[in-house]
Amino acid sequence: MNNAPVKKVPIHLQSSQNRLLIKNGRVVNDDGMEDADVYIEDGIIKQIGRNLIIPGGTRTIDATGKLVMPGGIDPHTHFELEMMGAKTADDFYKGTKAAVAGGTTTVIDFVLPNKGQSLLEAFGNWRQKADNKVCCDYALHVGITWWSPAVKKEMEQLVAEHGVNSFKMFMAYKDVWMLDDYNLMVAMETCSELRALAQVHAENGDIIARNTEKLLGSGVTGPEGHQLSRDEEVEAEAVNRACVIANQANAPLYIVHMMSKSAVKALRIARSRQRPPVYGETLAATVGTDGTHYKNACFRHAAAHVLSPPLRPDPSTPEAMVQALADDDLQLIGSDNCTFNEREKELGKNNFTKIPNGVNGVEDRMAILWQKAVNTGIMDPCRFVAVTSANAAKIFNLWPQKGRIAVNSDADVVVWDPRLERTISAATHSHTVDFNIFEGQHVVGSPQYVIVNGRVCLDDGNLRVVEGLGKFLKTPANCPYIYGEERSRSPQTENLDVPITPSKITNGTPTHELSVAHKQLEAMSMTSSGCSTPTGRKMREPGQRNLQNSTFSISKEMEGVDTKTSVRVRNPPGGKSSGLCLPGGLCGE
Ligand SMILES: NC(=O)NCCC(=O)O
Ligand SMILES: [Zn+2]
Ligand SMILES: [Zn+2]
């Protein structure tokens with residue numbers, strides 16, 4: 001991949017006048033697929049269909065055999081963040097460059113004020129850090145890291161004047177960002193009053209503090225102590241408590257970075273019992289790797305995997321998280337990209353509590369999920385779009401500007417090649433961080449072209465991002481999918497009785513032993529699956545279910561495929577323990 005830096009373009013050239021036709025691809029939205037050409041002008045999707053009348057001089061991209069999907073929306077990044085005495089390696093330029101390389105065209109970062117700091121001041125600082133650097137559009141959540149009446153006033157201002165509709169509260173990071181239950185409830189009530197969305201980091205900070213004392217006291221100082229101080233139960237308890245508090249506060253709730261089967265179980269129960277909606281986000285990290293890395297004798301390797309909540313040692317976790325995403329027990333996948341170089345991770349060499357928390361993921365989130373979810377037959381491409389972009393657009397009120405291939409939507413588009421093979425490595429990734437937690441993993445399926453606001457920024461594999469091309473997106477409060485008529489429904493299940501995925505149809509077993517996605521694609525007739533048009537006009541008959549319909553058309557075509565020869569791809573979670581750590585995280589056996 002050619003990563004040559006591209007000079008910043010002057011502001012008057014930033015809105016692309018390019019005309020672009022993406023021809024012969026299969027357009028995939030969260031509720032259906034159809035074969036159609038997509039015509040883009042001035043950064044907006046202008047036409048979708050066949051035999052379009054296009055002005056001369058339009059560039060054409062041939063997407064034969066490719067999927068044309070909405071650009072990814074990563075709802076959880078930390079670029080240019082200072083935490084635990086360290087600064088992240090990826091700033092807003094390098095971070096969004098990595099995002100675009102992987103097919104993500106919108107990120108939502110977190111403003112995290114220090115205790116006692118004005119929220120507005122912190123918000124202004126974040127805008128200053130980001131505005132001239134972002135290579136794609138971005139929005140901001142704001143952390144509520146302390147509480148006072150002044151904080152409440154500033155939340156009101158952020159919503160009314162600055163386009164913030166989501167606030168993150170911490171149940172962990174005791175004495176730093178953590179709120180007690182009383183203040184958590186007041187903050188959630190405030191979110192509800194403002195018709196914003198309360199987000200929580202769900203881990204029991206007091207239990208972590210006590211366990212940490214005991215571990216350090218007994219001589220456990222290495223990275224393995226991180227997971228030991230905060231096991232699954234510590235996460236699941238906080239998930240349940242957050243849901244109870246949100247229910248009492250009558251506040252919709254979004255639980256960020258859910259990392260364990262126990263936490264998902266607690267969420268599933270809460271979602272079935274309470275009226276204000278609860279949404280769950282998981283991470284590329286937990287889908288793509290696991291907590292066995294904390295036992296790696298190489299400090300550099302083990303510390304590189306430290307994030308909170310931690311990766312889980314239970315090796316069945318990654319597939320269970322994919323299944324939860326497919327089943328709508330979880331609604332989105334983010335990255336929580338928060339990268340620290342070895343030098344920063346070494347702050348915790350003699351004490352695991354001082355290892356700066358965070359991992360990469362913004363670049364590989366889409367490919368990792370495709371590999372683990374679509375190539376295994378657990379998820380169909382429509383659900384892939386739902387959890388990687390459409391649901392985030394709906395929940396954060398960016399729909400249908402973002403997260404959809406439709407006329408008048410932003411031209412944030414990925415031409416996805418389901419056959420493209422590559423091996424993930426720190427040596428070739430677009431991040432600046434010196435480690436990649438997915439090192440050595442072979443993935444089939446990646447973006448070939450990434451179009452950001454109408455500009456081709458990944459061009460047949462060549463990365464040509466433009467620093468400052470992105471803009472800040474105001475996210476309005478009172479999101480209809482949360483507070484409107486749709487309040488009690490999941491974003492993905494609108495218009496559906498139940499979410500249907502291949503795995504659901506046969507109660508956990510895919511209809512066919514699907515091999516890799518390109519087999520699906522080969523098997524599919526490249527004709528409309530009749531779910532809905534990409535413009536959102538419903539074409540289904542009354543009583544028909546969108547996804548069932550599209551899945552059924554895949555399954556029917558699959559009858560002609562020799563499923564005996566298809567291989568169910570199960571990538572083992574990356575790397576095993578060893579004492580040797582090579583540059584880029586290539587730890588030997
Ligand atoms: N997750 C993590 O370890 N680092 C980023 C901060 C947070 O999201 O809690
Ligand atoms: Zn967090
Ligand atoms: Zn985070």
Side-chain angles (χ1 to χ4, degrees), residues 74-90 95 99 107-115 122 126 138-145 166-179 184 187 197-205 208 212 223 225-227 229-230 234-235 238-239 242 253-260 263 279-287 289 291 293-294 302-312 332-341 344-345 347-348 352-362 365 392 396 433 435 437:
D74 189 334
H76 193 148
T77 65
H78 301 278
F79 299 139
E80 220 163 322
L81 172 67
E82 284 176 55
M83 71 178 283
M84 302 177 74
K87 194 170 177 177
T88 58
D90 290 314
V107 300
I108 316 184
D109 205 82
F110 288 82
V111 175
L112 293 178
N114 299 321
K115 238 186 200 345
W126 245 261
Y138 81 107
L140 290 170
H141 316 286
V142 174
I144 303 301
T145 52
S166 45
F167 296 93
K168 178 179 175 183
M169 280 73 76
F170 292 85
M171 301 169 83
Y173 299 105
K174 189 172 160 64
D175 300 327
V176 184
W177 291 331
M178 184 172 126
L179 294 187
L184 184 56
L197 181 59
Q199 299 181 290
V200 292
H201 174 134
E203 285 186 293
N204 186 317
I208 295 165
T212 298
H226 181 67
Q227 206 289 136
S229 69
R230 50 214 302 160
V234 175
E235 186 186 4
V239 168
L253 178 65
Y254 178 108
I255 304 180
V256 300
H257 50 44
M258 298 190 64
M259 299 294 280
S260 64
Y279 307 109
E281 164 203 282
T282 191
L283 301 182
T286 193
V287 162
T289 186
H293 294 282
Y294 297 131
H305 291 81
V306 166
L307 81 159
S308 296
L311 296 163
R312 302 304 177 184
L332 333 74
I333 181 165
S335 69
D336 200 1
N337 195 96
C338 188
T339 50
F340 295 100
N341 280 325
E344 276 73 41
K345 291 277 183 182
L347 292 168
F352 65 84
T353 68
K354 297 192 170 6
I355 301 171
N357 284 198
V359 298
N360 64 288
V362 75
R365 178 183 71 113
F396 297 107
V433 72
F435 196 94
I437 57 168

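Along the sequence shown, residues carry numbers from 1. We count ligands from 1, going down the list as the structure has it; atoms in each ligand are counted the same way.
A perpendicular orientation is assigned to the rings of Y294 and H305, their planes being inclined by more than 60° (bins at 30° and 60°). Ring planes of Y173 and H201: perpendicular class, angle over 60° (limits at 30 and 60°).
A donor-acceptor pair under 3.5 Å links the side-chain atoms of S229 to the main chain of H226, judged by distance alone. Checking side-chain atoms of N337 against main-chain N and O of V362 turns up a donor-acceptor pair under 3.5 Å. At distances below 3.5 Å, not a single donor-acceptor pair connects side-chain atoms of R230 with backbone N or O atoms of E203.
The shortest non-hydrogen separation linking K115 to M178 is NZ-O, 4.0 Å. The heavy-atom pair separating T282 from M258 by the smallest distance is OG1-O, 2.7 Å. When all heavy atoms are compared, the tightest approach of T88 to H78 is CG2-O, 3.9 Å.
Shown are the protein N/O/S atoms under 2.8 Å from the Zn ion (ligand 3), given by residue and atom: H76 NE2, H78 NE2, D336 OD1.
Ordered by chain and residue number, the residues placing a heavy atom less than 4.0 Å from ligand 1 are H76, H78, K168, F170, Y173, H201, H257, L307, S308, D336, C338, N357, G358.
Ring pair Y254/F396: centre-to-centre distance below 6.0 Å.
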